[in-house]
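Everything on this sheet refers to the single structure shown next.
Convention: sequence-line order gives letters A, B, ...; per-chain numbering from 1. The figures that follow rest on heavy atoms only: side chains count, while hydrogens, waters and symmetry mates do not.
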Amino acid sequence: MNKFNEKLIFHIDVNSAFLSWSATDRLVQGEKIDLRDIASVIGGDEESRRGVVLAKSMEAKKNGIVTGESLFTARKKCRDLVVVSPNFTLYERCSRSMREIFNDYTPYVEKFSIDECFLDVTNYNTSREAALVLACDIKDRIKSELGFTVNIGVSDVKLLAKMASDFEKPDKIHTLFKNEIEKKLWKLQVGELFMVGKRTVPRLNNLNIFTIGDLAQYDIEILKYHFKSSGLRMWKYANGIDNSEVNYNKYELKGISNSTTLSDDIKSKNEAYKVLLTLVEVTATRLRNIKKCAYCISITIRNQEFNDSSRSKTLSNATDSTQEILETVKKLFDELWKGEPLRLLGVSLNNLCKDNFKQLSIFDVSSTSDEKQRIIDKTIDSLRQKYGETSVMKSVLLKKK
DNA sequence: TCTGGGGTCCTAGGACCC
DNA sequence: TCTGGGGTCCTAGGACCC
């Protein structure tokens, strides 16, 4: 704690992250037009049915384009919209560069998503004013060294720092200390509150709750009755109550998943099996890379009507074997699939534990068949590491000519 | 030519055990 | 002979986030 006995927390959020990052990269490559100055979006490939808006420029936003909508509807709102494909390798690199700068200021950095971090700067500042100077320094350094802008929310509470970074954009610093919530937070629409999504907003409106202030002053028992534990959480958030700490420790992954929307609907079991093989290979490799095994294996399918269904199986022994996971996945698929055309297939591995298998040598002549399978998996992993995950993409996943 | 992909957490109901 | 109740685990689905 500083001398005022309060925490000082930053929430730092890249403005239109994917779009900014692609824009700066293009400028470096010699492109003359800055995507941030025109109506533009980062969007997936429409032909392979991944055509949604992943990020938008301010100009695109002014035309009513929102993240997550289809490029089809986005183009209707803005005729000369520029659409750029995402470059996830670049985004990971930008994200890392940004965190390296944060680490110059404090070791207490929590990566919240690819473009968001929380920083606990309590020990480095004696006052709120000093914290603001620091925030300004960080913001300007990212802009000059990396070429993109961020918003920084400053508060004594993590949740409030996050809400503050979402105020006016771009390239801005905002404070939202506990004593400011009535003035700055309560006037906002209730759907602006973190963890109040589009399903919940109409239900809150039915209770005559329209602003965050309405929610904050509502009877907590009634909220708990209607929304169970999330009712209590919403009420706490509306009142600026959040005791969570900036978690700078190594992030423990709870599950691994991989899903894909198919260029063409899958209609046969054989086609499905080929895709499932790829999904299992990718997830199992990632699982082994973090030296974990999974107890629970699930698959998800999505039909043409966009209805999802899933099926899962908990094993008595955790596994990281591609073969074993694949067999379970196929079984689950056979139980779940009724023969309707599918637009998406997904595999996920949950309930993870440490892998406690003994280290194996390829020269170990006494290997059992299980151990031999592990050696095969390891060999494939090293090939994949050398040539990249996409080197094993099956042709069925690729776009039809 | 409408609707991605990777996560986390919660809940309800059923199975099973004591 | 008629039937409780608590606890835990598993499964399927839903809501939310970026």
For nucleotides 12-18 of chain C, give me one character per nucleotide, 5' to 3': B if any protein heavy atom sits under 4.0 Å from the base, S if the only such contacts are to the sugar-phosphate, - if neither. SS-SSSS

Show every donor-acceptor pair shorter than 3.5 Å between a side-chain atom in residues 192-202 of chain A and any protein atom, with sequence neighbours excluded, or say none if there are none.
none

Return all side-chain donor-acceptor pairs below 3.5 angstrom for residues 157-169 of chain A, not counting sequence neighbours, or 'none' if the list is empty.
{"from": "A:K158", "atom 1": "NZ", "to": "A:E110", "atom 2": "OE1", "distance (Å)": "2.8"}
{"from": "A:K158", "atom 1": "NZ", "to": "A:E245", "atom 2": "O", "distance (Å)": "2.9"}
{"from": "A:K162", "atom 1": "NZ", "to": "A:E116", "atom 2": "OE1", "distance (Å)": "2.9"}
{"from": "A:S165", "atom 1": "OG", "to": "A:H11", "atom 2": "ND1", "distance (Å)": "2.7"}
{"from": "A:S165", "atom 1": "OG", "to": "A:K162", "atom 2": "O", "distance (Å)": "2.9"}
{"from": "A:D166", "atom 1": "OD1", "to": "A:K169", "atom 2": "NZ", "distance (Å)": "2.9"}

Give me, pair by pair, the N or O atoms of the protein and of nucleotides 7-9 of chain C that are less than 3.5 Å apart, along with how far apart they are.
none

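Among the nucleotides B:dG5, B:dG4, B:dT11, the one closest to any side-chain atom of A:K228 is B:dT11.
In secondary-structure terms, DNA chain B builds stems of at least 3 consecutive Watson-Crick or G-U pairs, each pair having both distances under 3.5 Å, at B:5-18 with C:5-18.
Residue pairs meeting the salt bridge (Lys or Arg N to Asp or Glu O under 4.0 Å) criterion with at least one member in residues 72-96 of chain A, sequence neighbours excluded: A:E46-A:R75, A:E69-A:K77. Listed by first and then second residue, the ring pair (Phe, Tyr, Trp, His ring centres under 6.0 Å) pairs that reach into residues 269-299 of chain A come to none, sequence neighbours excluded.
Within residues 210-218 of chain A, no residue is approached by DNA chain B to less than 4.0 Å at the level of any non-hydrogen atom. Within residues 145-153 of chain A, no residue has any heavy atom closer than 4.0 Å to DNA chain B. Shown for residues 53-87 of chain A: no residue has heavy atoms falling under 4.0 angstrom of DNA chain C.
Residue-level contact check: A:G255 touches the backbone only, with heavy atoms under 4.0 Å from sugar-phosphate atoms and none from bases.
Here the separation of B:dC17 from C:dG4, taken at their C1' atoms, is 14 Å to the nearest Å.
Along DNA chain B, the nucleotide nearest A:L253 and the nucleotide nearest A:G51 are compared for position; the residue whose nucleotide lies closer to the 5' end is A:G51.
For A:F177, there are no ring-ring contact (aromatic ring centres under 6.0 Å, His included) partners two or more places apart in sequence or in a different chain. Listed by chain and residue number, nothing satisfies the side-chain hydrogen bond (donor to acceptor under 3.5 Å, both in side chains) test with A:T89 (two or more places apart in sequence, or in another chain).
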